[in-house]
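Below you'll find the structure, written out as structure tokens, and then a few comments.
Bear in mind that the values here come from a model prediction, so they are computed numbers and not experimental data.
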There are 2 protein chains.
Amino acid sequence: MQSIIDILKENDIAPSMQRIKILEYLKNYKTHPTADMIYQALADEIPTLSKTTVYNTLKTFTEKGILMALYLFSNEVHYEYNTQPHIHFQCTKCNKIYDLYQSFDHYNNDLIDGHKITEYHINLKGICKNCLEKGK
Amino acid sequence: MQSIIDILKENDIAPSMQRIKILEYLKNYKTHPTADMIYQALADEIPTLSKTTVYNTLKTFTEKGILMALYLFSNEVHYEYNTQPHIHFQCTKCNKIYDLYQSFDHYNNDLIDGHKITEYHINLKGICKNCLEKGK
DNA sequence: TCCATTTTTATAATGGTTACAAATAAGTAA
DNA sequence: TTACTTATTTGTAACCATTATAAAAATGGA
């Protein structure tokens, strides 16, 4: 089991306290948070935390491939710790984001119409089980 | 062949000049423009055009299902006139957006893990044919 | 310890989008 | 047509996520 610090070192990122806490948060709580959500969640624990640090850190992690940036159905970016391939579903009622592990088409390294594919996202939208059951 | 005005009327939208021009632009130039691109493109023809009108109109059209809002790999929204199902590919070098008509999984009205799917987007990212050929 | 480099921070700036309220255009009844 | 109501457009300001910038703090090596 790989520690947070190991993950950072493997990616040539100095394991500062802020970076550790941010990655830890994303690895433990798979809630696809935005930068602001992460900031809010950690502000108590790290009172001096700056939102700029959160943005910088997320940018670094994403560039290194540690995190995936999700562009769903709004103009704020959600982040997730990279695990096995899956697709995303967002509920239009409660806005919750779900990971789905249904079988789906994979496009990695495909060449389509001559274009080289390096990354792909499958984003679904609808009403989640929970909201369906609540009636209405 | 359905006219722009007919499309608007069918959707209970009064066919004002601004609305006609905006829909016409999206129907004719399938370039997946942003609100600002549309504004820039029409500003000469409609000198009094306001950016707010463009935003309002795009919102109306999207709510009626005439347009599709695309959330690709940035936080600006791109729009397209709804045609046959297809998927999107954006080049990371030139940022151009391509429509791909490859076969792909369809999810409409599926029920996955109890969630009702009403809309889905497949977004690919990579290097387009054109940029590949330019070498490097 | 001293110094150079990295990291964090606060502040201001940017850019896409929305809120708001006034101005204009359109639609309807008399 | 007029008078009046409603719909649409417009300009301005506000909003909110994100980025730029430069100073402050922390870190690491000689």
Side-chain angles (χ1 to χ4, degrees), chain A residues 4-5 7-9 11-25 32-64 66-80 90 95 97, chain B residues 4-5 8-9 11-25 32-64 66-79 90 95 97:
Chain A
I4 301 289
I5 292 176
I7 296 171
L8 294 174
K9 284 182 177 166
N11 285 280
D12 298 313
I13 301 170
S16 71
M17 194 254 280
Q18 288 82 343
R19 286 166 175 169
I20 291 169
K21 293 290 182 193
I22 290 171
L23 184 52
E24 195 173 57
Y25 183 82
H32 316 85
T34 61
D36 188 64
M37 289 170 181
I38 296 168
Y39 173 78
Q40 300 299 335
L42 298 180
D44 283 343
E45 202 176 348
I46 313 169
T48 63
L49 184 63
S50 159
K51 210 173 264 191
T52 303
T53 300
V54 177
Y55 277 105
N56 289 341
T57 303
L58 291 172
K59 190 180 180 201
T60 303
F61 289 178
T62 303
E63 283 167 357
K64 295 284 189 175
I66 299 174
L67 297 182
M68 185 66 77
L70 306 181
Y71 298 88
L72 297 175
F73 304 101
S74 78
N75 27 16
E76 50 190 350
V77 187
H78 294 258
Y79 291 88
E80 73 176 357
Q90 184 161 31
N95 288 318
I97 298 164
Chain B
I4 300 289
I5 292 177
L8 294 174
K9 284 183 178 168
N11 286 279
D12 297 314
I13 300 169
S16 71
M17 194 253 280
Q18 288 83 343
R19 287 167 175 166
I20 292 169
K21 294 290 182 193
I22 290 171
L23 184 52
E24 195 173 58
Y25 183 82
H32 316 86
T34 61
D36 188 65
M37 289 171 181
I38 296 168
Y39 173 78
Q40 299 300 335
L42 298 181
D44 283 344
E45 202 177 347
I46 312 170
T48 64
L49 184 63
S50 159
K51 212 174 259 191
T52 302
T53 299
V54 176
Y55 278 104
N56 289 342
T57 303
L58 291 172
K59 190 180 180 204
T60 303
F61 288 179
T62 304
E63 282 167 358
K64 295 285 187 173
I66 301 175
L67 297 182
M68 185 66 78
L70 305 181
Y71 297 88
L72 297 175
F73 304 101
S74 79
N75 26 16
E76 51 190 349
V77 187
H78 295 257
Y79 292 88
Q90 184 163 31
N95 288 318
I97 299 164

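In terms of phosphate contacts, B:Ser16 brings a side-chain nitrogen or oxygen within less than 4.0 Å of OP1 or OP2 of D:dT9.
Going from atom CD1 of B:Ile13 over to atom P of D:dT6 covers 21 Å, rounded to whole Å. Separating the CG atom of B:Leu42 from the P atom of D:dT9 is a distance of 13 Å, rounded to the nearest angstrom. Look at CG on A:Asp12: it is 13 Å from P on C:dT6, rounded to the nearest Å. Across the protein-nucleic acid pair, A:Glu63 atom CD and D:dT19 atom P stand 10 Å apart, rounded to whole Å. Atom C1' of nucleotide D:dA17 and atom CZ of A:Phe73 are separated by 19 Å, given to the nearest angstrom. As rounded to whole Å, 15 Å separates atom P of C:dA25 from atom CZ of B:Arg19. Taking atom CD on B:Gln18 and atom C1' on C:dA25, their separation rounds to 10 Å, with Å as the unit. One can place OH of B:Tyr39 at 15 Å from C1' of C:dG15, the figure rounded to the nearest angstrom.
In the helix from C:dT1-D:dA30 to C:dA30-D:dT1, the rotation axis of the first five pairs and that of the last five pairs differ in direction by 20°, rounded to 10 degrees.
Atom-to-atom distance recorded for A:Tyr71:OH and A:Glu76:CD is 12.5 Å, nearest 0.5 angstrom. Distance check, rounded to the nearest 0.5 Å: CE of B:Met17 to CG of B:Leu42 gives 10.0 Å.
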Would B:Ile4 and B:Arg19 count as a side chain to side chain contact (heavy atoms under 4.5 Å, CB included) here? Give the steps. CA-CA 9 Å; B:Ile4 300 289; B:Arg19 287 167 175 166; over 6 Å; no
Self-check item: Check against side chain to side chain contact (heavy atoms under 4.5 Å, CB included), A:Leu49 and A:Gln18
Solution: CA-CA 8 Å; A:Leu49 184 63; A:Gln18 288 82 343; 4.0 Å; yes
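In summary, of the residues considered (A:Ile5, A:Leu8, A:Thr57, A:Ile7), a side chain to side chain contact (heavy atoms under 4.5 Å, CB included) with A:Ile13 occurs for A:Leu8 alone. Each of B:Thr60, B:Leu23, B:Leu58 was checked for a side chain to side chain contact (heavy atoms under 4.5 Å, CB included) with B:Ile66, and the lone residue meeting it is B:Leu23.
Using a 4.0 Å cut-off on heavy atoms, the residues of residues 44-60 of chain B that approach DNA chain D are B:Thr48, B:Leu49, B:Ser50, B:Thr52, B:Thr53, B:Asn56, listed by number.
In terms of position on DNA chain D, the residue among B:Ala14 and B:Asn75 whose nearest nucleotide sits closer to the 5' end is B:Ala14.
Crowding of A:Lys51 atom NZ: a count of heavy atoms from other residues, nucleotides or ligands under 6.0 Å exceeding 12.
The side chain to side chain donor-acceptor pair (under 3.5 Å) search around A:Gln90 returns none, not counting sequence neighbours.
No donor-acceptor pair closer than 3.5 Å links the side chain of B:His32 to the backbone N or O of B:Tyr79.
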